[in-house]
Amino acid sequence: MENERLEIEKIINEGINLFENNKYEESIKIFENLKENSKTKIIGIFFLGVIEVKRKNYTKAKKFFFNVLEINKNHEDANLNLGLVYLEEKNFDESLIYFKKVLMINKKNLNALYHSALSYFALRKLEKSIKYLNLSIEVNKNFVHSYVTLGHIYLRIKEFNKALLNYKKVLEINPKRIKTKFNIAWCYFALSDLELAFENYEFRKEKITPQGRHKEVLDKFKSIEWNGQDLENKTILIICEQGYGDNINFFRYLFWLDKKFNVKIFFYAHKKLAHLFRNTPFEIISDLNDVNKIDYHQHLLSLPGICYKETKSFEENINYININQKNDIYWKEKLSVYKKPLIAINWQGDHRYGHDDMRSIPLSYFKNTLNNRNFEFISLQKNFGSEQIKKNKFENLLIDLSTEIDIGKNAFEDTVSILKNMELVITSDTAIAHLAGTLDIKTFLLLSFNPEWRWYIELTHKCFYPKINIIQQSKFNNWKGVFNELNKRIETKDY
């Protein structure tokens, strides 16, 4: 019997090793054979399901796990994996059904506790999520993922000191997980501890994992990372990073360098965005072959921290946007057919962004705004998000220009010209806010309860955009109050 058990274990381990090395077909043969043996039937079926999970064939995987439960409804791992598959499919309510079954079998199953918390987190039932995370910590006080998620929850609900305690616990357990310092930076920005905020912000992924433009610069040049050294008669290359809005927002810091030193400044820009910066005293490049030698380099979003460390202040807005007169004339004429004042709106940012649910707004919330007959409303939404116009039946309330604007090689080329003809802009936290703000156009920026870190600086210091009015959620995930205030202010032209 013992020899038979050891032989079965050997076969199972061989099958596991094969699928972990992506040798699926060979692994499947092993588990199919085990499935045909009455003694190992459940093992064979279960691991065939695991293989399909690894191959992301979730429908097929679920069939195998259901087959296991037909034989043994209390099979802990089959129930757990069904929960995990439903979680992966974003069917959070269904995932919770199976995690609860696991916990009825074994109340200390760490995976079920933790992933129950993730499901509740996704459903925005944050109190329940916190409960299950604390239960998972009772099972394993060093389970770092629970502390990370607790940090994220407390960050969302603006309990920043509790968030900090959990993020610091993460680093205590695993000091190498330095990306957590980015989340710590967000907390310190919100608490207005700006020196610690900027210090920890240097641990964002763009800095700690050289890739893309950063890696190209390091590979080509033997330049020094600039952190405040004397740049007189030197050459520095500033590397763009993150999204379009980040670059539009913080490009102003090149002017700070220019005022401070007699220095040649290259800006390594997104190719589609480079045209916005052409009317400036800097060398705008999107190809490193255009540069032969530099003395220093630095990321664009490191400049505000270096500046603040020295001056204890922030650089004010500079309208540096390059003018396209031909486009300006075209859009002025095209929009002149509308006799009412024009309001541009934008509601959806990049849906691939990890915290998009904290900044994008469903278009349905704009219904009462769009029904204001004193204005014409123009959509600046492109690509993902524009389908919401038809979905909400707003075709007669909103002028949709998504198929006409910015279809060439340059981002925002038409949007800039359109914005200049607007009475007002209303936007969620997208690049449009930074574009309109830089152009000094009256704008309502609609923010979530816990917005991205830079807006804590703006709310406290009023340093980024003088023409932007911020309306922020007063309660987590509640846009109703935001739109009530917005609609009153539009009605009274309080902008």
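Counting from 1, the numbers follow the sequence of the chain as shown. Fair warning: this is a prediction, and the values are worked out from it, not measured in the lab.
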Side-chain touch S146/Y132, heavy atoms, less than 4.5 angstrom
no
Nearest-0.5 Å distance, CG of residue L370 to CZ of residue F377:
5.5 Å
Between W453 and Y201, what is the ring plane arrangement, given parallel below 30°, perpendicular above 60°, and tilted in between?
tilted
Using side-chain contact (heavy atoms from CB on, under 4.5 Å) as the criterion, point out the one residue from Y465, F251, F464 that pairs with T438.
Y465
Under 3.5 Å, is there a donor on one side chain and an acceptor on the other for S313 and T311?
yes
Does Y167 reach the main-chain N or O of H152 with its side chain, forming a donor-acceptor pair under 3.5 Å?
yes
Verify whether the ring centers belonging to F282 and F255 lie closer than 6.0 Å.
yes
Does a sphere of radius 6.0 Å around CD in E195 hold more than 12 heavy atoms from other residues, nucleotides or ligands, not counting ones at 6.0 Å or beyond?
no
For E316, look at atom CD and say whether over 12 heavy atoms of other residues, nucleotides or ligands are found less than 6.0 Å away.
no
Taking all non-hydrogen atoms of both residues into account, name the closest pair between I284 and R278 and its distance.
O-NH1, 3.0 Å
For N22 and Y24, does a side-chain donor sit closer than 3.5 Å to a side-chain acceptor?
yes
Testing the basics here: between E315 and C307, what is the closest heavy-atom pair and its distance to 0.1 Å?
OE2-SG, 4.1 Å
Mind checking what makes side-chain contact (heavy atoms from CB on, under 4.5 Å) contact with K205, not counting sequence neighbours?
none
N289 backbone acceptor or donor facing D287 side chain under 3.5 Å
yes
Flag, side chain of N487 to backbone of F483, donor-acceptor distance under 3.5 Å:
yes
Is the number of heavy atoms from other residues, nucleotides or ligands within 6.0 Å of NZ (K158) greater than 12?
yes
Tell me whether the rings of F444 and Y495 are parallel (<30°), tilted (30 to 60°) or perpendicular (>60°).
perpendicular
Assign the ring pair F250 / Y253 to parallel, tilted or perpendicular, where the plane angle (0 to 90°) is split at 30° and 60°.
tilted
Would you indicate whether the side-chain heavy atoms of S428 and L446 approach each other to under 4.5 Å?
no
More than 12 heavy atoms from other groups under 6.0 Å of CD1 on I208:
yes
For N421 and W331, test the side chains for any donor-to-acceptor distance below 3.5 angstrom and give the result as yes or no.
no
Quick check against the 3.5 Å criterion: does E206 have a side-chain atom that pairs as donor or acceptor with the backbone of Q242?
no
Please confirm whether K207 makes a cation-pi placement over F203, using NZ or CZ under 6.0 Å from the six-membered ring centre and within 45° of the ring normal.
no
The test is side chain to side chain donor-acceptor pair (under 3.5 Å); show your working for Y456 and N450 and say whether it passes.
CA-CA 9 Å; Y456 282 103; N450 183 15; 2.5 Å; yes
Inter-residue atom distance C187.SG - D193.CG, 0.5 Å rounding
11.0 Å
Taking atom types as modelled and ignoring hydrogens, do the side chains of S402 and Q381 form a donor-acceptor contact shorter than 3.5 angstrom?
no
To the closest 0.5 Å, what do you measure between NE2 (H275) and CG (N324)?
8.5 Å
Shortest non-hydrogen pair, K309 vs K312, comes out as O-NZ, 2.9 Å
Result of checking L380, L342, D328 against I418 for side-chain contact (heavy atoms from CB on, under 4.5 Å):
L380
Looking only at heavy atoms, the pair that brings C240 and F267 closest together is CB-CZ, 3.7 Å
N/O donor-acceptor pair under 3.5 Å between H461 side chain and I457 backbone:
no
Does the side chain to side chain donor-acceptor pair (under 3.5 Å) test come out yes or no for S302 and R204, once each step is laid out?
CA-CA 10 Å; S302 290; R204 62 195 183 278; 2.9 Å; yes
Charged N to carboxylate O below 4.0 Å: is that the case for E283 and K264?
yes
Give, for atom CD1 of I407 and atom CG of D414, the distance between the pair rounded to the nearest 0.5 Å.
7.0 Å
Ignoring hydrogens and geometry beyond distance, is a side-chain donor-acceptor pair present between E172 and Y147 at under 3.5 Å?
no
Centroid-centroid distance, F189 to F198, less than 6.0 Å:
yes
Donor-acceptor pair, side chain of E241 and main chain of L301, under 3.5 angstrom
yes
Would the number of heavy atoms belonging to other residues, nucleotides or ligands and lying under 6.0 Å from NZ of K390 be above 12?
no
Run the side chain to side chain contact (heavy atoms under 4.5 Å, CB included) test on I426 and I490 for me, step by step, so that the C-alpha distance in whole Å, both residues' side-chain angles and the decisive distance to 0.1 Å come before the verdict.
CA-CA 10 Å; I426 305 169; I490 291 174; 3.6 Å; yes
Do D295 side-chain atoms and T235 backbone N/O form a donor-acceptor pair below 3.5 Å?
yes
Parallel, tilted or perpendicular: which one describes the rings of H214 and H297, with boundaries at 30° and 60°?
tilted
Donor-acceptor contact present, side-chain Q298 to main-chain L237, <3.5 Å
no
For W347 and S386, the nearest pair of non-hydrogen atoms, with its separation, is CZ2-CA, 4.2 Å
Sidechain-backbone polar pair: N262 side chain, E232 backbone, donor-acceptor under 3.5 Å
no
For K332, look at atom NZ and say whether over 12 heavy atoms of other residues, nucleotides or ligands are found less than 6.0 Å away.
no
Heavy-atom pair with the smallest gap, counting every atom of R252 and N249:
NE-O, 2.9 Å
Go through K367 and N392 one step at a time and tell me if the side chain to side chain contact (heavy atoms under 4.5 Å, CB included) criterion holds.
CA-CA 9 Å; K367 183 176 181 180; N392 288 286; over 6 Å; no
Just by modelled atom types, is the D494 backbone N or O under 3.5 Å from a matching donor or acceptor in the R489 side chain?
yes
Quick check: are there more than 12 heavy atoms from other residues, nucleotides or ligands sitting under 6.0 Å from NZ of K442?
no
